[in-house]
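Single-structure report; data block below.
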Number of protein chains: 2
Amino acid sequence: MPKNCNFIEKLREVGLRPTKQRVKMCEVLYNREKTFHFTINDLVKLLSEKMNQKISLATVYNTVHAFEKKGYLKEISIDSHKSYFDTNTSAHHHFFDEDTHELIDCDESDIDKISIRKNITGKKINSVEVLVRVASDNQTQK
Amino acid sequence: MPKNCNFIEKLREVGLRPTKQRVKMCEVLYNREKTFHFTINDLVKLLSEKMNQKISLATVYNTVHAFEKKGYLKEISIDSHKSYFDTNTSAHHHFFDEDTHELIDCDESDIDKISIRKNITGKKINSVEVLVRVASDNQTQK
DNA sequence: ATCTACATTATAATAATTCTAAACTGTTGA
DNA sequence: TCAACAGTTTAGAATTATTATAATGTAGAT
Ligand SMILES: [Mn+2]
Ligand SMILES: [Mn+2]
Ligand SMILES: [Zn+2]
Ligand SMILES: [Zn+2]
């Protein structure tokens with residue numbers, strides 16, 4: 001989603017009422033250069049601290065899920081104990097930094113197309129995603 | 001872990017006291033032909049219903065995490081809302097059936113080795129795992 | 001048999017998420 | 001323009017998964 005676009009229009013296009021809470025959340029999520037990976041907690045903090053916007057927690061959850069359903073956000077499973085969301089809704093792979101708990105997008109050139117030779121009868125493949133877990137390289141005892 | 005092995009010995013080997021709760025959990029987890037993928041709830045149900053073994057929920061959590069730390073179990077992140085564990089602790093890929101919420105192991109021949117061309121300075125790769133989400137193929141409107 | 005460190009248990013506490021029901025607001029069309 | 005309605009927000013309660021607490025029990029050693 002480009003910078004400075006009209007979030008009111010965007011929301012209307014998918015049938016979401018452009019309430020001020022939703023518009024503010026769009027600003028936080030999409031007025032940025034790069035993909036944003038976040039937890040609900042990250043988002044609540046950004047809204048209250050950086051944006052000075054008091055939004056009830058229930059609304060943050062509701063809105064995130066509304067955005068997810070409309071294709072504005074994608075949920076990423078990295079850690080069974082917390083939900084991560086991604087403003088990059090296309091199919092893509094991730095690095096996960098186990099030290100900082102940060103997600104990093106891969107692009108096409110980082111990982112070759114995965115070829116799946118297994119087939120499950122009656123089932124179709126919905127997605128194929130790779131997760132590369134990394135951590136600091138601290139056994140350099142030269 | 002092979003069938004009918006001596007769980008008491010196995011537990012001692014890694015420094016876990018073979019209490020009756022732990023041995024019973026070993027039986028449920030490892031006396032089976034194939035890899036077992038489960039949630040804590042699945043395991044509690046099996047213990048109480050099938051094995052007629054009353055074990056406190058805290059013990060099930062404690063023991064699962066003790067087994068995880070000792071390399072008897074591996075946690076799998078599939079769904080941010082629930083923890084899945086796997087008796088197959090080797091590096092391997094999965095299919096996840098979104099209809100039944102079942103995990104299926106891939107073997108070597110199912111997916112080629114993944115080549116990672118991205119490098120993050122100061123970080124080493126801990127694991128590379130693929131998750132293939134599948135669901136029933138219901139758009140056969142011939 | 002006794003001792004001690006570790007394990008189990010019931011229960012309370014915490015954390016993430018969802019529900020509820022009342023108040024509020026964007027949109028529509030008279 | 002503005003009443004009416006449907007959809008939205010909200011505070012707070014409820015629910016669910018998980019972890020902590022502290023008393024009791026037990027495996028393994030002597
Ligand atoms: Mn969710
Ligand atoms: Mn866990
Ligand atoms: Zn991403
Ligand atoms: Zn597995």
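Owing to the predicted nature of the structure, the values given are computational and were not obtained by experimental measurement. Lettering of chains follows the sequences in order, A, B, ..., and the numbering in each one begins at 1.
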So, is B/His65 close to the D/dT19 phosphate, meaning a side-chain N or O under 4.0 Å from OP1 or OP2? yes

Just compare C/dT8, D/dA20, D/dA11 and give me whichever is closest to any side-chain atom of B/Thr59. C/dT8

Just call it for A/Leu57: base, sugar-phosphate, or nothing, with non-hydrogen atoms closer than 4.0 Å on any strand. base

For B/His93 and B/Val132: C-alpha separation, side-chain torsions, deciding distance, then whether side chain to side chain contact (heavy atoms under 4.5 Å, CB included) applies. CA-CA 8 Å; B/His93 306 307; B/Val132 181; over 6 Å; no

A/Leu131/B/Leu131 under side chain to side chain contact (heavy atoms under 4.5 Å, CB included): CA gap, chis, key distance, verdict: CA-CA 8 Å; A/Leu131 181 63; B/Leu131 182 64; over 6 Å; no

How long is the line joining OH of B/Tyr61 and P of C/dT8, in whole Å? 16 Å

Under 4.0 Å: is that the gap between some side-chain N or O of A/Lys24 and OP1 or OP2 of D/dT9? no

Rounded to whole angstroms, how far apart are NZ on A/Lys69 and P on C/dT18? 12 Å

Between B/Lys34 and B/Asp105, is the closest basic N to carboxylate O distance under 4.0 Å? no

Strictly under 3.5 Å: I want the nitrogen or oxygen pairs between protein and nucleotides 21-27 of chain C, one per line.
residue: C/dT27; atom: OP1; partner: A/Arg12; partner atom: NE; Å: 3.0
residue: C/dT27; atom: OP1; partner: A/Arg12; partner atom: NH2; Å: 3.2
residue: C/dT27; atom: OP2; partner: A/Arg12; partner atom: NH2; Å: 3.0

5'-most by nearest nucleotide on DNA chain D - A/Arg22 or B/Asn41: A/Arg22

Would you call the rings of A/Tyr84 and A/Phe96 parallel, tilted or perpendicular, where under 30° means parallel and over 60° means perpendicular? perpendicular

Presence of A/Ser83 side-chain N/O under 4.0 Å of C/dT17 phosphate oxygens OP1/OP2: yes

Of all the nucleotides listed (C/dC19, D/dT9, D/dT18), which has the minimum atom distance to the side chain of A/Asn62? D/dT9

Hydrophobic cluster identity match, B/Ile76 and B/Tyr30, side-chain contacts under 4.5 Å: no

Side-chain N or O of B/Gln21 less than 4.0 angstrom from OP1 or OP2 on D/dG25? no

In sequence, state the C-alpha distance, the side-chain angles, and the governing distance for B/Phe36 and B/Leu103, and then conclude on side chain to side chain contact (heavy atoms under 4.5 Å, CB included). CA-CA 9 Å; B/Phe36 182 39; B/Leu103 272 172; over 6 Å; no

Whole angstrom is fine here: how far is it from NZ in A/Lys54 over to P in D/dT10? 7 Å

Does A/Glu9 CD have over 12 foreign heavy atoms under 6.0 Å away? yes

Please report the distance, rounded to the nearest Å, between CG in A/Leu11 and P in D/dT9. 10 Å

